[in-house]
Amino acid sequence: MAIFVDETTKVVVQGLTGSQGRFYGLRNRDYGTQVVAGTNPRKAGTDIEGIPVFATVGEAAAATGATASCIFIPAPGVFGAVLEAAEGGMELIVVITEGVPAQDEARLYNLLCRDFPGTRLLGPNCPGIITPDRCNIGITAGEIALGGGPVGIVSRSGTLTYQALYELQQAGIGVTTCVGIGGDPVPGTSFIDCLAAFEADSETSAVMLIGEIGGSAEEEAAEYIKAMMTKPVVAYVAGLTAPPGRRMGHAGAIVSGSKGTARAKIDALRAAGAQVAANPTEAGFLMAAVVAGL
Amino acid sequence: MDLLEHQGKSYFARFAIPVSTGGVAATVEEALDVADGAGYPVVVKAQVHVGGRGKAGGVRVVADRAEAEAAATAILGMSIKGHVVHTVLVEHATDIAEEYYASFTLDRAAKLHLGMLSAEGGVDIEQVAVDTPGAIARLPIDPVDGLSEALCRVWVAGAGLREEAVAGTVELLLALYRCFVEGDADLAEVNPLVLTTDGRVLALDAKVTLDDNAAFRHPEWKEYEGTQELDERERLAREKGLQYIGLDGSVGIIANGAGLAMSTLDVVNQAGGRPANFLDIGGGASAAVMANALEVINTDENVRAIFVNVFGGITRGEEVAKGIVEAMGRVELTSPLVVRLDGTNAAEGRAILARHESDRLQSRATMLDAARAAVELAGGGKG
């Protein structure tokens with residue numbers, strides 16, 4: 001099983017002909033991912049080391065059966081690229097690009113919910129998703145991921161996602177799927193989406209959740225864990241001692257109240273029954289104990 | 001990017017949001033010219049990136065030219081919570097009948113735009129939100145649909161404003177929403193939004209935070225650059241394209257990725273030390289980037305030890321290690337380095353570091369060990 005992607009997932013890379021798209025697209029293919037197509041309207045008909053390039057996602061999907069796209073297009077083009085992928089019938093759209101305007105993200109999220117309810121957006125500004133040994137979409141280094149389960153990982157932070165994968169690999173613990181949801185204001189996929197998928201996944205027996213300060217995503221995840229999760233959750237929230245961030249006028253304070261601090265997030269997760277580690281290494285130890293007790 | 005009040009008001013003007021007559025001044029002479037043009041009485045307001053300027057004496061209402069001169073002389077150059085006042089906004093002082101509050105921001109939890117409007121503006125609106133949440137009319141707005149005039153009318157009607165303020169407020173809010181959306185603001189806030197004694201609705205203050213990610217489609221934002229207050233270390237870091245926030249501890253921090261950098265601050269604190277900074281060098285860790293980061297930290301006199309915490313992903317451990325060694329050759333460091341290198345090819349990387357190990361460069365296998373070593377070098381928990 002695993003969640004969202006596996007060895008049958010066929011991927012089209014939007015921006016395959018650019019330096020980033022080419023580098024990671026080929027790495028993903030080398031890992032074993034079915035990278036079946038790329039897009040670039042000006043280079044349709046060419047190929048990148050055997051991966052055919054099409055003008056649009058729709059044409060790529062029709063010719064190759066791709067159902068997932070990975071976007072390496074610069075931020076100004078992301079809004080259009082995501083819509084093109086959704087219109088092209090993609091079930092999963094992974095946006096690696098960082099620096100996408102918040103207004104674009106808010107419009108995209110609501111537009112997809114309304115017009116393309118069958119499409120899942122992951123990111124923007126995320127490392128991607130990896131089901132070790134089966135499918136790697138994005139920029140995660142496949143070498144640091146040990147496959148086979150039983151742990152699912154969901155993370156808001158890029159490098160801490162790698163850290164979590166690595167801690168588990170060092171402890172000899174396998175991962176079903178590791179999802180980097182990205183730390184932007186309006187992520188397409190939330191902690192809750194991933195927790196629900198892991199809860200439903202027969203191969204996943206425990207979940208590691210990596211959060212960070214800002215927003216209220218961890219608090220919402222805590223509510224979900226308390227109400228819906230039967231599988232154990234180990235969490236780490238970065239930023240307990242981080243400098244106070246920018247304060248968004250009065251409006252930010254009114255909207256968020258006491259939410260957003262690492263302390264509030266940790267308290268909420270503990271109250272929901274999750275084990276919360278003081279640092280990533282301790283999260284690995286806690287998870288090792290959980291897995292040993294399964 | 002947080003705009004100063006006068007910048008926020010000039011941004012408002014682009015969207016035809018009504019504000020008081022006036023302008024910004026950097027000298028007493030300029031302030032008097034603006035005051036003469038605006039017409040007395042005028043209000044002279046300190047332009048700083050910090051709240052509480054009223055209480056600090058940074059806002060004065062004056063009746064005539066002589067008083068305006070005294071006010072501008074007193075406020076220009078004064079320090080408000082450590083922020084020196086370089087400019088003042090001088091505006092015609094409005095006769096206020098009512099003070100309201102209005103804002104648009106993004107509700108991250110709901111993933112919708114959120115409008116907030118209250119008849120109880122001017123005062124401490126955050127306290128109003130706590131004490132009488134019902135006094136704030138909240139309007140969730142679907143970013144795809146936007147704010148229609150009809151929806152705006154219903155919203156304003158439910159906020160309990162005085163009747164003669166309604167039409168002007170609807171018009172102002174529609175413009176403020178355009179400023180928020182088309183203007184790519186994270187926040188567009190007016191406190192107070194006023195009804196004048198002669199029946200006009202004006203934005204008496206402006207708090208605008210622009211979304212830096214949208215700068216590519218706003219060439220007009222150029223004029224706001226350079227007025228952001230940064231300390232020397234932050235200015236240097238920004239020039240070098242590094243994400244840096246200055247702190248006051250003694251352990252310099254370099255990490256790749258914001259999450260790992262935050263996590264590094266956490267473990268330094270857990271080891272009993274105090275971080276001197278937050279510094280994220282981003283995904284890669286080339287010698288050039290590492291040298292830049294070390295150079296920035298080197299300018300911080302409080303730093304006694306530097307903790308380099310790098311996780312090799314695509315950038316392999318040996319490349320990171322070579323980068324560190326090369327960077328140390330380029331920068332004359334005043335503090336010793338403790339490196340924790342993990343991830344892809346970490347063993348190869350550590351082998352390279354081991355060959356260069358000295359009292360200036362130590363390597364540790366885990367984040368916690370490295371934090372402890374760095375804290376000890378920095379003088380233990382006293383730092």
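Quick note on labels: first sequence line is chain A, next is B, and so on, each numbered from 1.
- Ranked by heavy-atom pairs under 4.5 Å with chain A, the first of Val181(B), Val268(B), Asp145(B) is Val181(B).
- Each of Ala258(B), Gly343(B), Ala346(B) has some count of heavy-atom pairs under 4.5 Å with chain A, and the biggest count is that of Gly343(B).
- Annotation: Glu98(A), atom CD; neighbour count of heavy atoms from other residues, nucleotides and ligands within 6.0 Å does not exceed 12.
- Contacts between Ser263(B) and chain A at a heavy-atom distance below 4.5 Å involve backbone atoms as well as side-chain atoms.
- With a 4.5 angstrom heavy-atom cutoff, Gln163(A) touches chain B via backbone and side-chain atoms both.
- How far SG of Cys113(A) is from CG of Asp142(B): 9.0 Å, rounded to the nearest 0.5 Å.
- To the nearest 0.5 Å, atoms CG (Asp104(A)) and CG (Asn213(B)) are separated by 9.5 Å.
- Between Glu212(A) atom CD and Leu260(B) atom CG the span is 11.5 Å, to the nearest 0.5 Å.
- With sequence neighbours excluded, no residue forms a salt bridge (charged side-chain N to carboxylate O under 4.0 Å, His left out) with Asp266(B).
- A donor-acceptor pair is defined here as one N or O able to donate and one able to accept, closer than 3.5 Å; no such pair exists between the side chain of Asn110(A) and the backbone of Leu112(B).
- For the atom pair CZ (Arg217(B)) and CD (Gln103(A)), the distance works out to 8.0 Å, reported to the nearest 0.5 Å.
- Heavy-atom neighbours of Phe216(B) CZ from other residues, nucleotides or ligands within 6.0 Å: above the threshold of 12.
- A distance of 6.5 Å separates OG of Ser157(A) from CE of Met262(B), quoted to the nearest 0.5 Å.
- For a residue to count as touching a neighbouring chain, one of its non-hydrogen atoms must lie under 4.5 Å from one of that chain's; by this rule Asn269(B) touches chain A with the side chain only.
- With a 4.5 Å cut-off on non-hydrogen atoms, Ile144(A) touches chain B through its side chain but not through its backbone.
- Ranked by heavy-atom pairs under 4.5 Å with chain A, the list Leu368(B), Val208(B), Asn345(B), Val144(B) is led by Val144(B).
- Chain A forms more heavy-atom pairs under 4.5 Å with one residue of Asp184(B), Asp342(B), Thr366(B), Val267(B) than with any other, namely Asp342(B).
- Listed options Gly211(A), Ala75(A), Pro280(A), Pro127(A) were ranked by heavy-atom pairs under 4.5 angstrom with chain B; first place goes to Pro280(A).
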Please test Gln270(B) against Asn279(A) for side-chain contact (heavy atoms from CB on, under 4.5 Å), starting from the C-alpha separation and ending with a verdict.
CA-CA 9 Å; Gln270(B) 283 161 18; Asn279(A) 54 62; 3.3 Å; yes
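- Closest non-hydrogen pair, Ser190(A) versus Lys111(B), comes out as CB-NZ, 4.4 Å.
- Here the closest heavy-atom approach between residue Ala238(A) and residue Gly259(B) is recorded as CB-O, 3.8 Å.
- Here the CD-CE distance, from Glu282(A) to Met367(B), works out to 12.0 Å after rounding to the nearest 0.5 Å.
- Note: Tyr162(A) and Phe311(B) have tilted aromatic rings, judged against thresholds of 30 and 60 degrees for the angle between ring planes.
- Surrounding CD of Gln243(B) are at most 12 heavy atoms belonging to other residues, nucleotides or ligands under 6.0 Å away.
- For a residue to count as touching a neighbouring chain, one of its non-hydrogen atoms must lie under 4.5 Å from one of that chain's; by this rule Ala217(A) does not touch chain B.
- Asp184(A) touches chain B through its backbone: at least one of N, CA, C or O sits under 4.5 Å from a heavy atom, while the side chain does not.
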